[in-house]
Amino acid sequence: MARRNRRRHVVPGAEQGLAAFKAEVMRRQGYAVDPSRPDDVKYEVAKSLGVPLSREGDNGNLTTEAAGHIGGQIGGTMVREMIRLAQEQLVKQRQP
């Protein structure tokens with residue numbers, strides 16, 4: 001049975017912007033990212049971490065810990081970049 005993504009973005013329509021941001025951030029980290037399919041970067045991350053993530057969708061043997069390593073690598077990198085950008089904006093606002 002296919003699992004539906006139930007996450008909702010706070011800003012409606014932000015999906016494309018977040019996908020582009022993910023693609024750019026992960027590309028800068030050295031991962032091969034197809035800008036038209038940025039979610040596929042999870043396979044590159046899994047490979048680099050030695051996690052056996054299947055593209056065929058049968059990942060029932062994947063542990064929660066292993067999945068967390070993949071998602072943490074991607075999400076953590078994105079959050080660090082968002083914080084860096086926010087700090088940069090604050091510095092610019094404070095300059096006369």
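Between the N59 side chain and the L53 main chain, no donor and acceptor come within less than 3.5 Å of each other.
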*Start with the C-alpha gap between R37 and D40, add the side-chain angles, then the distance that decides, and say whether salt bridge (Lys or Arg N to Asp or Glu O under 4.0 Å) holds.*
CA-CA 6 Å; R37 298 182 57 89; D40 285 357; 2.8 Å; yes
_K47 and E44: CA distance, side-chain angles, deciding distance, salt bridge (Lys or Arg N to Asp or Glu O under 4.0 Å) verdict_ = CA-CA 5 Å; K47 183 178 175 183; E44 293 288 324; 5.8 Å; no
*asked:* side chain to side chain contact (heavy atoms under 4.5 Å, CB included) for E24 and E81? Distances and angles first, verdict last.
replied: CA-CA 10 Å; E24 178 58 23; E81 180 63 10; over 6 Å; no
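In terms of heavy atoms, V41 sits closest to Y31 at CG2-CB, 3.8 Å.
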Distance-only donor-acceptor hits, side chain of residues 61-73, under 3.5 Å, sequence neighbours excluded:
residue : atom : partner : partner atom : Å
T63     : OG1  : A66     : N            : 3.0

Please tabulate, for the side chains in residues 11-23, all donor-acceptor contacts under 3.5 angstrom to protein atoms that are two or more places apart in sequence or on a different chain.
residue : atom : partner : partner atom : Å
E15     : OE1  : G13     : N            : 3.4
K22     : NZ   : D39     : OD1          : 2.5

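Taken from CE in M26 to OG1 in T77, the straight-line distance is 4.5 Å, to the nearest 0.5 Å.
Sequence neighbours left out, the pairs with a member in residues 85-96 that pass salt bridge (Lys or Arg N to Asp or Glu O under 4.0 Å) are R84-E88.
When the side chains of ILVMFWY residues are joined at heavy-atom separations under 4.5 Å, either directly or via intervening members, V79 and V33 end up in two distinct hydrophobic clusters.
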